[in-house]
Q: 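There's a structure below that I have some questions on.
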Amino acid sequence: MEDFVHLHVHTYYSILDGQSSIKKLVDKAVADGMKGMAITDHGDMFGIKEFHDICNGVNKQRKKDGLEPFKPIFGCEMYVARRGDMHLKETRDDQGGYHLIVLAKNANGYKNLIKLVSNSWVDGFYSRPRTDRHELEKYHEDLIVCSACIAGEVPAKILKGDIAGAREAIEWHKRLWGDDYYLELQRHEVKDPTIRANRETFPLQQQANKVLIELAKEYGIKLVCTNDAHFVDKENAEAHDHLLCLSTGKDLDDPTRMLYSKQEWFKTQQEMNDIFSDVPEAMANTVEILNKVETYSLDADPIMPFFPIPESFGTEEEWRHQR
């Protein structure tokens, strides 16, 4: 069995979309023998400090037990403006954007990720917090990037039949990140005929995957496999489905409402091996990414404001004497 770590994970900080408790995710990963994991919430980094602190707590015990530390990877699933400029806020295409998994490689990469995400909210927000290629180029150092789900630029263009556009996107990302750019495979196959779930996604994933595997070989880019995790265990699928109804304002029995495939649980290493047994290198490359990531602390002393006291207020010594 190939070792595997999750690199595409949503927590309850992917508001009204992710359901997973960070502690439960970490506990499940550790219990399954994973060496680390990433969190990549939609457009935000709200859960990073909680993730950092939980992993620190786990690692204190692991150190006592003589075990290797569990490594957190700090990331974000960002939205990249479809028309190339996050300042464009005019058309339906400008709402949201292509998905992109962005992971911090070290402390400097973490700072660059903070800048990208902060700017996406301050300057790029239009329905979603968006970045663009100009920003990605400006703050690209020490980041690892994966092409994301079928809403990512490369797979989306493949599915539209725009192979030239997919090639251009691959070449741009490869030129910027080199060996730190990976093409991402997902397989959310619904095998249970009794559940109400999205069965359209898997054929599209397979269609995109076929071309992604071919392009990866042609361009010398490594593959990585992920599961788009939105809840912790398989049994949480129905509860997550209820959450989506709250998010979209739809009734549970609405025949037209959005559905997930209900395969979006935080799968074990064995489950991922079963799904991607034909591409073991994509499994192994998840650990390669983990090994590229450095361990660093996010702890810092509080930054207190400085308020200069006007001379007319007198000095502290004078105030003490008056009291």
Side-chain angles (χ1 to χ4, degrees), residues 7-8 38-45 48 73-91 93-158 160 162-184 208 212 215-216 218-224 226 285 288-289 292-294 296 298:
L7 301 172
H8 191 138
I39 65 169
T40 56
D41 283 307
H42 277 306
D44 71 59
M45 299 171 67
I48 294 297
I73 305 174
F74 308 130
C76 180
E77 184 169 16
M78 300 196 71
Y79 299 93
V80 184
R82 293 188 186 91
R83 293 202 293 154
D85 185 348
M86 68 181 188
H87 297 94
L88 294 175
K89 303 174 183 180
E90 301 161 357
T91 71
D93 276 350
D94 296 328
Q95 296 178 3
Y98 293 120
H99 295 201
L100 189 70
I101 295 294
V102 186
L103 308 171
K105 202 173 183 180
N106 51 34
N108 184 57
Y110 176 71
K111 290 176 182 176
N112 280 329
L113 183 57
I114 286 174
K115 290 171 184 172
L116 284 170
V117 173
S118 295
N119 292 347
S120 75
W121 283 92
V122 174
D123 299 320
F125 189 88
Y126 189 65
S127 181
R128 296 285 188 275
R130 303 170 307 142
T131 190
D132 59 27
R133 287 191 180 184
H134 173 76
E135 286 279 295
L136 290 168
E137 194 159 2
K138 186 175 180 180
Y139 299 112
H140 77 278
E141 290 183 359
D142 296 316
L143 297 175
I144 298 170
V145 170
C146 304
S147 58
C149 55
I150 56 173
E153 182 174 7
V154 175
K157 288 184 174 178
I158 289 171
K160 286 181 179 178
D162 182 9
I163 302 301
R167 286 180 176 278
E168 185 277 332
I170 286 174
E171 290 166 6
W172 186 88
H173 288 86
K174 172 71 172 173
R175 186 166 57 250
L176 193 59
W177 280 289
D179 292 338
D180 289 332
Y181 176 58
Y182 294 79
L183 291 174
E184 186 171 343
L212 286 169
L215 291 173
E218 179 181 339
Y219 283 98
I221 297 171
K222 291 183 178 179
L223 295 166
V224 66
T226 69
N285 288 335
E288 176 183 282
I289 289 176
K292 287 182 177 183
V293 173
E294 298 175 12
Y296 50 96
L298 303 186

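What you are looking at is a predicted structure, and each value in this text was computed from that prediction instead of being measured. In what follows, every heavy atom counts, from backbone to side chain, and hydrogens, waters and symmetry copies are set aside.
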Q: Ignoring hydrogens and geometry beyond distance, is a side-chain donor-acceptor pair present between H87 and D85 at under 3.5 Å?
A: yes

Q: Could you tell me the separation between the SG atom of C149 and the CD atom of E184, rounded to the nearest 0.5 Å?
A: 7.5 Å

Q: Among H173, K222, E288, exactly one meets side-chain hydrogen bond (donor to acceptor under 3.5 Å, both in side chains) together with Y182. Which residue is that?
A: E288

Q: Going by distance alone, is a donor N or O of one side chain under 3.5 Å from an acceptor N or O of the other, for Y181 and R175?
A: no

Q: Which pair of heavy atoms, one from L215 and one from I170, lies closest together, and at what distance?
A: CD1-CD1, 3.6 Å

Q: Grab the two heavy atoms, one from G96 and one from S127, that are nearest each other, plus how far apart they are.
A: N-CB, 4.1 Å

Q: Does L223 offer a backbone N or O that forms a donor-acceptor pair with the side chain of N285 under 3.5 Å?
A: yes

Q: With a 4.5 Å cut-off on side-chain heavy atoms, are L113 and C76 touching?
A: yes

Q: Kindly give the heavy-atom pair with the smallest separation between P155 and A148, and that separation in Å.
A: CG-O, 4.3 Å

Q: Check whether any side-chain heavy atom of N119 sits under 4.5 Å from a side-chain heavy atom of T131, and report yes or no.
A: no

Q: My understanding is that only residues two or more places apart in sequence, or in another chain, count here; which of them pass salt bridge (Lys or Arg N to Asp or Glu O under 4.0 Å) with D94?
A: R83

Q: Could you work out, with salt bridge (Lys or Arg N to Asp or Glu O under 4.0 Å) as the rule, every residue matching E141, not counting sequence neighbours?
A: none

Q: First locate atom CG of L7, then atom CD1 of I144, and finally report the distance between them rounded to the nearest 0.5 Å.
A: 8.5 Å

Q: Can you check ring pair (Phe, Tyr, Trp, His ring centres under 6.0 Å) on Y126 and Y79, steps first, answer last?
A: CA-CA 10 Å; Y126 189 65; Y79 299 93; over 10 Å; no

Q: Using a 3.5 Å distance criterion without hydrogens, assess whether the side chain of W177 forms a donor-acceptor pair with backbone atoms of C146.
A: no

Q: Of all residues at least two apart in sequence or in a different chain, which pass the salt bridge (Lys or Arg N to Asp or Glu O under 4.0 Å) check with K111?
A: none

Q: For the CG atom of L103 and the CD1 atom of I73, what is their distance to the nearest 0.5 Å?
A: 6.0 Å

Q: Calculate, to the nearest 0.5 Å, the distance between atoms CD1 and CD belonging to I221 and E218 respectively.
A: 9.5 Å

Q: Side chains of L143 and D180: does their closest heavy-atom pair fall under 4.5 Å?
A: no

Q: Compare all side-chain heavy atoms of Y110 with those of M45 and state whether any distance is below 4.5 angstrom.
A: yes

Q: For A81, does its backbone N or O pair with a side-chain atom of R133 as donor and acceptor, under 3.5 Å?
A: no

Q: Give the intermediate values and the outcome of salt bridge (charged side-chain N to carboxylate O under 4.0 Å, His left out) for residues K174 and D179.
A: CA-CA 7 Å; K174 172 71 172 173; D179 292 338; 3.5 Å; yes

Q: Measure across A104 and G109 and return the closest heavy-atom pair with its distance rounded to 0.1 Å.
A: CB-C, 3.8 Å

Q: What distance do T40 atom OG1 and M78 atom CE have between them, rounded to the nearest 0.5 Å?
A: 12.0 Å

Q: Would you check if E171 and Y219 make a side-chain contact, meaning some heavy-atom pair closer than 4.5 Å?
A: yes

Q: Which atom names give the shortest non-hydrogen contact between V117 and S120, and what distance separates them?
A: O-OG, 2.6 Å

Q: Of all heavy-atom pairs between A156 and Y98, which one has the smallest distance, and what is that distance?
A: CB-CE2, 4.1 Å

Q: Do any N or O atoms from the side chain of R130 and from the backbone of L88 form a donor-acceptor pair under 3.5 angstrom?
A: yes

Q: Report the distance from atom CD1 of I101 to atom NE2 of H8, rounding to the nearest 0.5 Å.
A: 4.0 Å

Q: Kindly say whether M86 contributes a backbone atom to a donor-acceptor pair with the side chain of D132 at under 3.5 angstrom?
A: yes

